[in-house]
Amino acid sequence: GFDTPPSQCVGPEYRPATQKPTATVSKPLDQVPNIHILPQTPQLIALLTMIRAKETGRADFIFYSNRIIRLLVEEGLNHLPVVGHEITTPVGRTYAGVKFEGKICGVSIMRAGESMEQGLRDCCRSVRIGKILIQRDEETSQPKLFYDKLPEDIADRWVLLLDPMLATGGSALMAVEVLKSRGVPEEHILFLNLIASPEGAKRFAEQVPKVRVVTAFVDQGLDEKNYIVPGLGDFGDRFYTL
Ligand code: URA
């Protein structure tokens, strides 16, 4: 839908609203279950402003995208289960902490999703990463699986599925079906995404309601060519070529 996007005063806590600029923030999508939108902080809005601008060149696009991807990975990891873990500190006291329980892996949807692999590696040392290539079939114009390479024990892992743009949801839904066909339960899949369209997010949540989506922003809608608007253009082109 192309309804008026929400706007909000953005700036540091200590400033009164009258001294903050008004910026467009993410739609809330309260009615869609299992979608987690990053807090619309001044930092996040400033980073998104950089990568959305058409003048931003490749080096800056990569740098600022990587900062947002890092926020998505850190938030995504908060959705994984932990168990109690008591340790002893160098001064001989105990500390009641937690540690992650279970194995994880990343799965990137090629090509744009590969841009998110480094952010995942930066947070999870020596993480296994698989890949899925989905492209539109020329004849049917439906998404089609062209290639996949996934860890053989993927059914025993939590899967962080990586794709920066959720437009119609076609590729992401097909990727989830591939993961399910390899024995990964829907509830063990976390989809990390930079910008989602409201229609894509709703369709995704309807079809795979147990997959959690962590996104930085739900945008206004899709244009006639299925680009997200206002969006940032073609993510893969801006990250890899232009
Ligand atoms: N993929 C992109 O890279 N950009 C869009 O706007 C939609 C899908």
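This one's a predicted model, so the numbers in the text were calculated from it and none came from an experiment. Just follow the structure's listing: the first ligand is 1, and inside any ligand the first atom is 1. All values below come from the heavy atoms of this structure, side chains included, with hydrogens, waters and symmetry mates left out.
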Open item on the list: Are Asn34 and Val213 packed together at the side-chain level, in the sense that at least one heavy-atom pair is separated by less than 4.5 angstrom?
Closed with: no

Open item on the list: Counting non-hydrogen protein atoms only, what is the nearest one to atom 4 (N) of ligand 1? Give residue, atom name and distance.
Closed with: Gly233 O, 2.8 Å

TODO: List the closest protein heavy-atom neighbour of atom 6 (O) of ligand 1: residue, atom name, distance to the nearest 0.1 Å.
DONE: Ile228 N, 2.8 Å

Task: Charged N-O contact under 4.0 Å between Arg58 and Asp237 - done: no

Open item on the list: Between ligand 1 and Gly236, is the shortest N or O to N or O distance under 3.5 Å?
Closed with: no

- [ ] Run the numbers on Asp122 and Gln118 for side chain to side chain donor-acceptor pair (under 3.5 Å), then give the verdict.
- [x] CA-CA 6 Å; Asp122 290 343; Gln118 192 56 47; 3.0 Å; yes

Open item on the list: Can you tell me how the ring of Phe61 sits relative to the ring of Phe239, calling it parallel under 30°, perpendicular over 60° and tilted otherwise?
Closed with: perpendicular

Open item on the list: Within ligand 1, which atoms have a heavy atom of Ala167 less than 4.0 Å away?
Closed with: 7 (C), 8 (C)

TODO: Measure the distance from atom 3 (O) of ligand 1 to every protein heavy atom, then report the residue, atom name and distance (to 0.1 Å) of the closest one.
DONE: Phe235 N, 2.8 Å

TODO: Please tell me if the side chains of Val218 and Ile35 come closer than 4.5 Å, counting only heavy atoms from C-beta onward.
DONE: yes

Task: Protein contact to atom 1 (N) of ligand 1 [nearest heavy atom, distance to 0.1 Å] - done: Met165 CB, 3.6 Å

